[in-house]
Amino acid sequence: MKDVDTTKMSADDWDELNFPRPEVQEFDRVVERAISRRGFMGGVLAFGSGAAVMGTSFLKGSTAMAQAGSRFPFEAIPIATDNTVHVPEGYSWKVLVRWGDALKPEAEGAWDPASGVSVDMSDKVFGENTDGMELYNIDGREILVVNSEYTNRRVNLPHAENGVPTGLDDVRILQHLQGVNILEIAEGENGWEIVVDSPYNRRIHHNTEMTFSGPAAGHDLLKTAADPTGMTSLGTMNNCGSGRTPWGTYLTCEENFNGYFGSTETAQDQKPLDVSVGFQRYGIGVDGWGYDYHKWDERWDTSKHPNEPHRAGYIVEIDPANPDATPVKHTALGRFKHENAAYAIANDGRFVVYMGDDERGEYMYKWVSAEPYVEGGDTSRLMVDGTLHVAVFNDDLSGEWVPLTPGTTGMSAAEIAVFTRMAGSAVNATTMDRPEWVAVNPTAPEAYCCLTNNSRRGLINEDGSIRTNAGGEPMIPNGPNPRELNNYGQIVRWRPEGGDHGATTFAWDLYVMAGNPTVHDDAYAGSSNINEGNMFNSPDGMVIDTTGLIWIQTDGNDGNEGDFAGMGNNQMLAGDPETGEIRRFLTGPRGCEVTGLTWSSDRRTMFVGIQHPGDDGGDWPDHGGALARSAVIAIKRDDGGLVG
Ligand code: FEO
Ligand code: CA
Ligand code: CA
Ligand code: CA
């Protein structure tokens with residue numbers, strides 16, 4: 001496993017490498033199932049007359065939606081396969097901050113493309129691989145909070161063969177370049193720039209001290225030699241999507257945390273049963289994903305500290321207004337591969353958070369606080385006291401949020417918080433096609449979730465059984481996940497009963513099924529709002545702006561050939577929730593993923609993240625053969641108008 005470059009594999013592929021499941025494709029059978037009526041029944045009826053209607057027209061890739069009345073303030077752009085960013089006529093973009101840029105005056109020039117950054121300066125520069133972000137106006141200052149999801153060992157440790165750490169300093173450099181970045185920005189003559197000497201600038205990384213809240217705080221499952229109380233933690237990791245609260249804090253979401261842990265002994269089965277079963281479900285392996293922390297920093301060695309992985313995989317709350325504030329890991333919101341956290345307020349004022357678990361066949365969740373949110377009131381218990389629910393989708397377009405309680409699951413509250421996936425299994429939650437970002441529509445009582453893809457759904461194993469998720473549940477096509485071998489993805493939408501996000505039942509449909517109508521004429525052509533001019537694959541990031549436009553970012557196959565011919569580089573599109581129309585707004589440089597989106601307080605600038613642009617050897621944004629660098633860009637209208 002040591003010679004595999006983790007940066008070239010998806011997280012799910014890594015997990016399958018660690019925990020192999022048999023894979024034999026009976027191709028004809030699989031295709032037959034995929035195109036059968038039963039295979040894509042989900043969404044046969046849709047909300048409203050103009051929505052993305054499934055059924056027979058669904059097969060044809062009709063462009064009718066594109067001719068409907070338009071609320072888009074821009075003309076769609078074509079795909080790109082080049083090495084830069086494109087936006088529509090009338091808009092311009094500029095780099096705001098890149099991996100390695102200084103966030104403190106003493107770190108100016110500290111990052112060098114050939115030698116990387118020293119361990120002393122590595123927690124004073126902008127981290128690598130930008131992801132979710134939110135902006136806060138604090139005392140008139142614009143404070144951007146941005147995740148750095150993961151790091152590429154080879155380019156950050158150029159002195160180390162294949163980027164394999166050679167000592168604790170190397171591990172520290174990697175740990176510092178991931179986590180969360182807090183930076184003040186300001187718009188001047190040269191556009192938006194970092195305020196390098198701002199007192200708000202802060203790096204939060206894999207070693208930053210935090211505390212636990214909720215039912216698992218202080219429980220035996222969280223106790224370690226370094227923290228016998230089980231109440232404090234070091235670090236937040238694999239910070240993927242973002243969220244915010246109405247009281248001004250930032251939520252960072254720990255996704256593929258499992259990959260950082262390893263074991264200096266191979267006998268995983270020596271652990272207590274609950275620990276080893278949990279390791280299997282969460283993909284905690286012996287080798288990890290090549291970071292090799294466990295060989296130099298004992299905390300990450302599960303043979304010595306088997307509870308350490310129980311202390312990651314949470315929603316973490318950070319106060320950007322107070323640089324000295326200790327982040328809080330909220331165990332009540334569950335432990336899984338958190339993608340993002342999208343809040344809503346129930347009709348009675350309770351605080352609701354929708355969340356997805358991004359792994360093949362895992363679930364969607366909803367948190368509902370016990371007490372209502374009151375502006376200016378005490379918010380400290382709103383992610384502590386309440387109920388976590390998991391989604392069950394029915395094929396008849398109805399659905400239910402099932403509470404995860406000792407009564408429904410047979411598990412204690414602390415066990416539900418730590419082994420949330422098993423709690424979901426206990427109530428027969430619906431296996432999903434990798435839930436990525438959830439977005440709540442601020443203009444209508446509805447929410448959306450990107451189901452990015454699931455190439456293993458419906459696969460037939462050697463023994464004739466169907467491929468399962470990590471919990472052993474067969475990934476049979478179901479309502480919102482209707483296609484086998486789903487390489488394109490879809491976006492599910494739900495409307496809570498009575499228009500109340502506090503309700504436990506909902507109606508759902510599919511807003512879009514991505515596909516390629518130039519290659520396929522069946523379910524893989526996509527839904528009727530997909531056509532040759534707007535097709536894409538693997539929806540991932542998603543935010544709905546104040547006008548109700550849905551911004552969709554992709555993290556998919558950008559090979560532009562075969563099933564993906566005509567889709568080009570990863571991109572950002574905008575969707576109209578009412579007509580279903582989707583238009584391409586931005587194309588990223590070759591090899592990148594587009595992820596993370598927020599706006600300046602005056603809504604005249606849109607900030608977009610460009611992650612891993614160098615994955616196929618590009619040199620964006622510095623060009624001239626320079627090392628490619630993940631970056632956040634600022635996009636404005638040339639006429640200074642609103643952009644969302
Ligand atoms: Fe970090 Fe599921 O994306
Ligand atoms: Ca993502
Ligand atoms: Ca993704
Ligand atoms: Ca990704």
Side-chain angles (χ1 to χ4, degrees), residues 6-15 127-134 146-152 178-180 236-243 251-260 282-283 289 312-316 336-342 354-365 421 432-439 448-456 469-470 486-491 514 536-543 551-558 564 567 569-573 588 591-598 608-613 615 630:
T6 60
T7 63
K8 304 295 183 202
M9 297 184 76
S10 75
D12 275 5
D13 288 339
W14 255 97
D15 279 347
E128 199 188 4
N129 285 321
T130 175
D131 210 314
M133 60 180 143
E134 308 283 339
V146 192
N147 289 339
S148 282
E149 186 184 35
Y150 72 97
T151 193
N152 182 335
Q178 303 166 77
V180 180
T236 178
M237 63 207 73
N238 213 266
N239 307 81
C240 182
S242 58
L251 303 178
T252 188
C253 308
E254 298 187 312
E255 191 188 21
N256 294 298
F257 63 91
N258 57 320
Y260 299 104
Y282 286 87
W289 291 359
Y314 296 106
I315 297 288
V316 184
F336 44 89
K337 294 187 176 181
H338 278 285
E339 180 71 21
N340 85 325
Y354 291 110
M355 301 169 284
D357 182 354
D358 180 7
E359 187 168 319
R360 294 181 189 119
E362 290 298 341
Y363 313 133
M364 287 168 50
Y365 295 88
R421 287 179 167 181
M432 307 299 286
D433 288 347
R434 299 186 51 201
E436 300 248 29
W437 288 53
V438 176
Y448 297 68
C449 183
C450 286
L451 303 168
T452 197
N453 57 54
N454 185 351
S455 59
R456 307 294 198 275
N469 68 4
N486 174 18
N487 284 325
Y488 293 130
Q490 64 270 9
I491 297 177
F536 61 92
N537 73 89
S538 305
D540 185 332
M542 181 166 55
V543 185
W551 296 89
I552 303 161
Q553 303 175 318
T554 72
D555 172 23
N557 186 315
D558 62 355
F564 307 99
M567 294 181 172
N569 293 351
N570 279 298
Q571 54 197 271
M572 184 166 83
L573 310 101
C592 86
E593 158 187 356
V594 181
T595 183
L597 172 64
T598 192
V608 175
I610 304 294
Q611 195 190 71
H612 59 73
D615 261 16
S630 51

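Remember, it's 1-based here, ligands and their atoms both numbered in the order they're listed. Throughout, residue positions are numbered sequentially from 1 according to the sequence presented. Predicted model, so just to flag it, every value in this text is computed and none were measured.
Under the 6.0 Å cut-off for aromatic ring centres, Tyr363 and Phe336 do not qualify, their centroids lying 6.0 Å or more apart. For an aromatic pair to be called close, the ring centres must be under 6.0 Å apart, and Phe564 with Tyr488 satisfies this.
Atom OE1 is the N, O or S atom of Glu436 at the shortest distance from atom 2 (Fe) of ligand 1. As for Glu149, its N/O/S atom nearest atom 1 (Fe) of ligand 1 is the one called OE2. Looking at Glu339, its N, O or S atom nearest to the Ca ion (ligand 2) turns out to be OE2. In Glu436, the N, O or S atom that comes nearest to the Ca ion (ligand 2) is OE1. Summary: OD1 is the N/O/S atom of Asp540 found nearest to the Ca ion (ligand 2).
Side-chain atoms of Gln571 come within 3.5 Å of backbone atoms of Asn569 as a donor-acceptor pair (strictly under, hydrogens ignored). Judged purely by atom type and a 3.5 angstrom limit, Asp555 has no side-chain atom pairing as donor or acceptor with the backbone of Glu593. The main-chain N or O of Gly588 is never found under 3.5 Å from a side-chain atom of Asn570 such that the two would form a donor-acceptor pair.
Coordination check, Asp358 versus atom 2 (Fe) of ligand 1: passed, since an N/O/S atom of the residue sits under 2.8 Å. Among the backbone and side-chain atoms of Asp555, none of the N, O or S atoms lies under 2.8 Å from atom 2 (Fe) of ligand 1.
When rounded to 10 degrees, the angle formed at atom 2 (Fe) of ligand 1 by OE2 (Glu255) and OE1 (Glu339) equals 80°.
Checked options Glu255, Glu362, Glu436, Glu359; the residue passing with Lys337 is Glu359 (criterion: salt bridge (charged side-chain N to carboxylate O under 4.0 Å, His left out)).
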